[in-house]
Amino acid sequence: MPEKLRRDFYTRPTLVVAKDLLGKYIVRKFRKRKIIGKIVEVEAYIGPKDKASHAYLGKITERNRAEFLIGGHIYIYLVYGMYWQLNISTYLENKPECVLIRALEPIEPKIFQGNKKIANGPGKLCKFLKLNKSFYGEDLVKSKRIWLEDWKDCTKKEIVATSRIGIDYAGPYWSKIPWRFYLKNSPFISRK
DNA sequence: GTACAGATTGAG
DNA sequence: TCAATCTGTACT
């Protein structure tokens with residue numbers, strides 16, 4: 001039986017949550033149907049010390065304030081004027097830490113099963129899950145239209161850690177830190 | 001008010 | 001390799 005993830009899953013330290021999110025399922029209720037994707041790639045952002053984080057130095061803006069919510073809330077924002085990025089807040093309230101969901105393996109609808117290009121990028125998976133600004137600050141623990149499940153797959157997962165994508169501006173240290181995690185051998189990740 | 005770059009993507 | 005297209009931020 002699938003188990004819905006509760007608050008205590010999200011309030012643990014961010015790097016623990018990030019790795020544990022791999023292999024979990026995002027369930028999105030849309031027009032009485034379920035869209036489901038298995039998380040295969042994530043990145044961790046740990047403000048205020050993380051130079052690549054929107055909350056670097058603890059800065060709060062209209063855009064990033066959802067990052068400061070207690071673990072389990074959605075932080076969603078637009079990049080390059082056209083792509084939504086799905087983040088999940090982690091750890092405690094007023095700790096601006098989050099995990100960026102970068103790629104999904106499509107499970108439902110079945111027509112997309114095996115499609116390696118429908119959700120293999122942060123902008124594309126938001127399109128796949130039909131997400132937009134109306135999900136800003138949504139609580140994954142209480143929401144009736146989006147939540148996460150643990151399907152208790154017995155397959156052991158092998159995790160690969162590499163540097164994060166698209167944040168060269170953060171300098172040699174923070175742009176190289178291995179906070180991008182993905183499931184080894186998954187054909188559904190955003191880059192090889 | 002203006003200028004500029006960004007946690008991306010798909011077309012050429 | 002490049003442009004699309006909007007928001008936050010650092011200027012004037």
Side-chain angles (χ1 to χ4, degrees), chain A residues 10 13-22 24 26 28 35 37 39-69 71-91 95-106 112 115-138 140 146 148 159-183 186-192:
Chain A
Y10 303 102
T14 301
L15 293 177
V16 175
V17 178
K19 285 182 257 193
D20 211 4
L21 277 171
L22 294 174
K24 297 296 188 288
I26 298 185
R28 159 83 165 108
I35 303 171
I39 300 173
V40 298
E41 179 181 344
V42 298
E43 282 178 6
Y45 286 85
I46 305 185
K49 64 179 180 182
D50 180 359
K51 207 170 177 185
S53 168
H54 291 156
Y56 180 51
L57 301 180
K59 186 182 59 175
I60 303 180
T61 67
E62 188 56 29
R63 178 176 68 165
N64 79 358
R65 63 192 158 78
E67 269 198 277
F68 292 76
L69 298 172
H73 288 81
I74 288 181
Y75 167 40
I76 191 167
Y77 68 93
L78 203 59
V79 267
Y80 302 111
M82 60 189 104
Y83 298 111
W84 293 102
Q85 308 280 289
L86 174 64
N87 295 253
I88 298 175
S89 73
T90 50
Y91 205 40
K95 301 288 184 186
E97 310 189 3
C98 66
V99 175
L100 168 68
I101 309 299
R102 287 193 55 91
L104 299 177
E105 171 180 343
F112 289 124
N115 187 328
K116 304 181 185 72
K117 297 184 176 176
I118 192 74
N120 64 332
K124 295 165 81 173
L125 72 88
C126 283
K127 216 180 249 179
F128 175 71
L129 293 173
K130 314 274 189 204
L131 301 181
N132 54 45
K133 183 126 197 185
S134 76
F135 284 83
Y136 192 89
E138 188 97 353
L140 291 166
I146 186 168
L148 268 64
I159 298 174
V160 181
T162 67
S163 56
R164 293 173 292 176
I165 308 274
I167 51 151
D168 290 346
Y169 62 86
Y173 180 79
W174 291 106
S175 65
K176 295 268 166 35
I177 200 164
W179 284 355
R180 172 180 178 233
F181 307 101
Y182 61 85
L183 291 179
S186 171
F188 300 96
I189 62 172
S190 63
R191 302 194 196 178
K192 282 182 205 164

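Just so we're on the same page: letters track the sequence lines, and every chain starts at 1.
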Mind checking the P distance from C:dT5 to B:dG12? Whole angstroms is fine. 15 Å

Could you state the atom-to-atom distance from CH2 of A:Trp84 to P of C:dT5 in whole Å? 15 Å

Determine the contact category for A:Glu43: base if any of its heavy atoms lies under 4.0 Å from a base atom, sugar-phosphate if only primed atoms, P, OP1 or OP2 are that close, otherwise nothing. nothing

Checking side-chain contact (heavy atoms from CB on, under 4.5 Å) against A:Glu43, which of A:Ile165, A:Ile167, A:Ile101 comes through? A:Ile165

B:dA7 P sits how many Å from A:Gln85 CD, rounded? 8 Å

Give every pair of a protein N or O atom and an N or O atom of nucleotides 3-5 of chain B that lie under 3.5 Å apart, one pair per line with the distance.
none

When you compare the protein's N or O atoms with those of nucleotides 7-10 of chain C, which come within less than 3.5 Å of each other, and at what distance?
unit_1	atom_1	unit_2	atom_2	d
C:dT9	OP1	A:Lys59	NZ	3.3

Dot-bracket notation for DNA chain C is requested: 5' to 3', Watson-Crick or G-U wobble pairs only, both distances under 3.5 Å, with ( ), [ ], | and . as defined. ||||.||||||.

Tell me: OH of A:Tyr77 to P of B:dA7, nearest whole Å? 6 Å

Over 12 non-hydrogen atoms of neighbours within 6.0 angstrom of NZ in A:Lys124: yes

Can you tell me how far the CG atom of A:Leu104 sits from the CD1 atom of A:Ile118, to the nearest 0.5 Å? 11.0 Å

Can you tell me how far C1' of B:dA7 sits from CH2 of A:Trp174, to the nearest Å? 15 Å

Under the 6.0 Å and 45° cation-pi test, does A:Arg28 pair with A:Phe128? no

Exercise: do A:Lys116 and A:Asn120 side chains pair donor with acceptor under 3.5 Å: no

side-chain hydrogen bond (donor to acceptor under 3.5 Å, both in side chains) partner of A:Tyr75, chosen from A:Glu138, A:Arg65, A:His54: A:His54

Using atom CD1 of A:Ile101 as one end and atom C1' of B:dA7 as the other, report the distance to the nearest whole Å. 13 Å

Nearest-0.5 Å distance that lies between atom OH in A:Tyr10 and atom OG in A:Ser89: 9.5 Å

Once you round to the nearest 0.5 Å, how far does CZ of A:Phe68 lie from SG of A:Cys98? 10.0 Å

Evaluate the criterion side chain to side chain contact (heavy atoms under 4.5 Å, CB included) for residue pair A:Trp174 and A:Trp179; output intermediate values, then yes/no. CA-CA 9 Å; A:Trp174 291 106; A:Trp179 284 355; 3.7 Å; yes

Starting at NZ of A:Lys117 and ending at C1' of B:dT8, how long is that distance when rounded to a whole Å? 16 Å

With centres under 5.5 Å and planes under 30° as the test, does A:Tyr83 stack with B:dT8? no

Which pair of non-hydrogen atoms, one from A:Ile76 and one from A:Phe135, has the smallest distance, and what is that distance? CG2-C, 4.2 Å

In whole angstrom, what separates A:Tyr56's OH from B:dA7's P? 14 Å

Taking the P atom in each of C:dA10 and B:dA7, what is the distance between them to the nearest angstrom? 14 Å

What's the separation between atom CD1 in A:Ile39 and atom CD1 in A:Ile26, rounded to the nearest 0.5 Å? 4.0 Å

Taking all non-hydrogen atoms of both residues, which atom of A:Phe112 and which atom of A:Pro106 are closest, and how far apart? O-CG, 3.1 Å

Quick one: A:Lys124 NZ to B:dG10 C1', roughly how many Å, whole number? 8 Å

